[in-house]
Amino acid sequence: MNIAIIVGSLRKESYNKRIAEFLIKRYDGKYNLEIVSIDKLPLFNEDIEDDPPVEVIQFKEKIKNSSGVIFVTPEYNHSIPGVLKNALDWCSRVDRVLVRKPTFIIGASNGNVGTARCQSHLVQVLNSPGVMALNMPSTHVLIPNVQDDFDEEGNFTNERTINYLDKIMNKFLKWIEKNRD
Ligand SMILES: Cc1cc2nc3c(=O)[nH]c(=O)nc-3n(C[C@H](O)[C@H](O)[C@H](O)COP(=O)(O)O)c2cc1C
């Protein structure tokens, strides 16, 4: 089963990207997880939506071919990072590759509320008529103070969160099967 991961931070040393890489390693052999990069997407422009640059075509193709999408994102200024919103705007038009796509959200931040505000905005966008993704109910993985969750070698070490992620990944897989057309 191919599952796409969209990381909402372009930062090289992003904690969210490191958590996405942790997921890929931990569930290797069980799920085919892949980070689908949004780094090269141009800013959305309706003038070019019917004939977009190759980066957009390749990005949308990967999302279309996935059985589900996991968002792993920081919160920027109490909302969704602009780069992530841009990617969702591309997805919301023409072939609308997120329609009925099972998704869930993981978010890590330096602050105490662990991306809660970003996640509620993201759910709102996922529910919009253009995007119309399915978001797994009652599943918000909030990782506050993420800077404390890595050891000196850069390994993600928060056992409580890791156990929770194991449960959620299992639940997500079952939920995807349930939502197949
Ligand atoms: C532009 C900007 C806005 C931010 N706004 C918030 C915020 O609203 N809430 C929060 O908890 N952290 C905020 N932060 C801090 C991020 O949680 C922190 O930089 C985090 O490491 C970003 O995720 P990353 O490591 O995956 O890049 C902000 C950081 C930046 C660069």
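Counting convention: from 1, in listed order, for ligands and their atoms alike.
- Contacts of Arg11 with ligand 1, taken as heavy-atom pairs under 4.0 Å, involve the side chain alone.
- Numbered from 1 in the order shown, with element, the atoms of ligand 1 that lie under 4.0 Å from a heavy atom of Tyr15 read 21 (O), 24 (P), 25 (O), 26 (O).
- Ring pair Phe156/Phe150 is tilted by interplanar angle, where 30° to 60° counts as tilted.
- A single hydrophobic cluster is seen to contain both Val36 and Ile105, as judged by linkage of ILVMFWY side chains at heavy-atom distances under 4.5 Å, directly or through other members.
- For the atom pair Asn145 CG and Gln147 CD, the distance stands at 5.0 Å (nearest 0.5 Å).
- Ligand 1 has a nitrogen or oxygen under 3.5 angstrom from a nitrogen or oxygen of Ser109.
- Contact of the Tyr31 side chain with the Arg26 side chain is not registered, since no non-hydrogen atoms from C-beta on lie closer than 4.5 Å.
- In this structure, the protein non-hydrogen atom closest to atom 6 (C) of ligand 1 is Glu75 O, 3.1 Å.
- His78 N, 2.8 Å is the protein heavy atom nearest to atom 8 (O) of ligand 1.
- Within the 4.5 Å cutoff, side-chain heavy atoms of Ile19 are placed close to those of Val146.
- Looking only at protein heavy atoms, the nearest one to atom 27 (O) of ligand 1 is Ser9 OG, 2.7 Å.
- Annotation: atom 18 (C) of ligand 1 to nearest protein heavy atom, Asn110 ND2, 3.3 Å.
- Given atom 5 (N) of ligand 1, the protein heavy atom at minimum distance is Asn77 N, 2.9 Å.
- Put simply, the side chain of Ile63 reaches to within 4.5 Å of the side chain of Ile6, judged on heavy atoms.
- Residue, atom and distance of the protein heavy atom nearest to atom 22 (C) of ligand 1 are Pro74 CB, 3.6 Å.
- Close contacts of ligand 1 with Gly111, meaning ligand atoms under 4.0 Å from a residue heavy atom, involve 11 (O).
- Heavy atoms from both the backbone and the side chain of Ser14 come within less than 4.0 Å of ligand 1.
- Shown in contact with Asn16 at under 4.0 Å from a heavy atom are these atoms of ligand 1, numbered in order with element: 23 (O), 24 (P), 26 (O).
- The residues Arg93 and Asp89 are annotated as not salt-bridged, no charged nitrogen and carboxylate oxygen being separated by less than 4.0 angstrom.
- In this structure, atom 31 (C) of ligand 1 lies nearest to the protein heavy atom Tyr76 CE1, 3.8 Å.
- A donor-acceptor pair shorter than 3.5 Å can be found between the side chains of Asn135 and Thr103.
- Both Trp175 and Ile70 are members of a single hydrophobic cluster when ILVMFWY side chains are connected at heavy-atom separations under 4.5 Å.
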